[in-house]
Amino acid sequence: MASETLAARGRMVERQLRRRGVSDERVLAAMGKVPRELFVPPSARELAYEDGALPIGYGQTISQPYIVGVICSLLSLGGSESVLDVGTGSGYQAAVLAELAAEVTTIERMPELVEKAQDALAEAGYDDVDVRLGDGSLGVPEKAPFDGIAVAAAAPTVPEHLYGQLAEGGRLVLPKGSRWGQDLVLVVKTGEGPVERRSVPCRFVPLLGEEGFGDG
Ligand code: SAM
């Protein structure tokens, strides 16, 4: 692998993540390992470690590295968990989660992106990630309960199906708000109901589907 790519990845970890407060060493190591350049279109490879989201086609984006770092940190993964990633997009966040948890299922509504993400995940060596096509706002009931659920598209409220598919003590992270701006929110499932904590402001594409913003 080109040494400039490794150096760019190292700089991303130090400047965009650690310096901005991402302190979970497992997340920093995971993002220092996953080859983000394999998850962006070939024409954008030299931008793979820039500080922002990038277009991946079909009107969708690969999320900003910092936001991926915050989402993964909020999940507080130790390595033994089963995790659901909603909104596969490029597959990058699913690959980072595969470094952090035992089992990763990811679901995407656009067939073209499912195919591309499967290819990128295989090329990067993450063949164990289970990539599904479907409405992720409804979760993946047959694989529930999940210890963690990461939603990479904005929702107006916490989708009930997703909360229902969390294990007791499980953690769900999602961008909650309007189509134009949201806050990342951590929701923990407890015996007394959901406990919600707001994290950083963000801007994601909308979660479509039954428990998102509908079909378009
Ligand atoms: N985490 C991704 C990555 O690392 O590349 C970026 C995800 S992108 C910001 C959001 C994705 O959510 C898009 O690919 C979009 O098609 C998908 N999406 C939106 N609504 C969805 C739904 N109801 N079910 C599944 N995927 C959905």
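First listed ligand is number 1; within each ligand, the first listed atom is number 1. Just so it is clear, the model here is predicted, and its values are computed rather than measured.
- No side-chain donor-acceptor contact under 3.5 Å links Asp24 and Ser73.
- Remark: Glu46 CD is packed, more than 12 non-hydrogen atoms of other residues, nucleotides or ligands lying under 6.0 Å away.
- Of all the heavy atoms in Gly87 and Ala152, the pair that sits closest is O-CB, 3.9 Å.
- Counted by atom type alone, Glu99 and Tyr126 present one or more donor-acceptor pairs between their side chains at under 3.5 Å.
- Under a cutoff of 6.0 Å and an axis angle of 45°, Arg9 and Tyr49 do not form a cation-pi pair.
- Between the side chains of Tyr66 and Arg20, no donor-acceptor pair is found at a separation under 3.5 Å.
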Under a 3.5 Å threshold, I'd like every N/O contact between ligand 1 and protein atoms, with atom names and distance.
| residue | atom | partner | partner atom | Å |
| --- | --- | --- | --- | --- |
| ligand 1 | 4 (O) | Gln93 | N | 3.1 |
| ligand 1 | 5 (O) | Ser90 | N | 3.0 |
| ligand 1 | 5 (O) | Ser90 | OG | 2.6 |
| ligand 1 | 14 (O) | Glu108 | OE1 | 2.7 |
| ligand 1 | 14 (O) | Glu108 | OE2 | 3.4 |
| ligand 1 | 16 (O) | Glu108 | OE2 | 2.6 |
| ligand 1 | 20 (N) | Leu208 | N | 3.0 |
| ligand 1 | 23 (N) | Asp135 | OD1 | 3.0 |
| ligand 1 | 23 (N) | Leu208 | O | 2.6 |
| ligand 1 | 24 (N) | Gly136 | N | 2.7 |
| ligand 1 | 26 (N) | Arg109 | N | 3.3 |

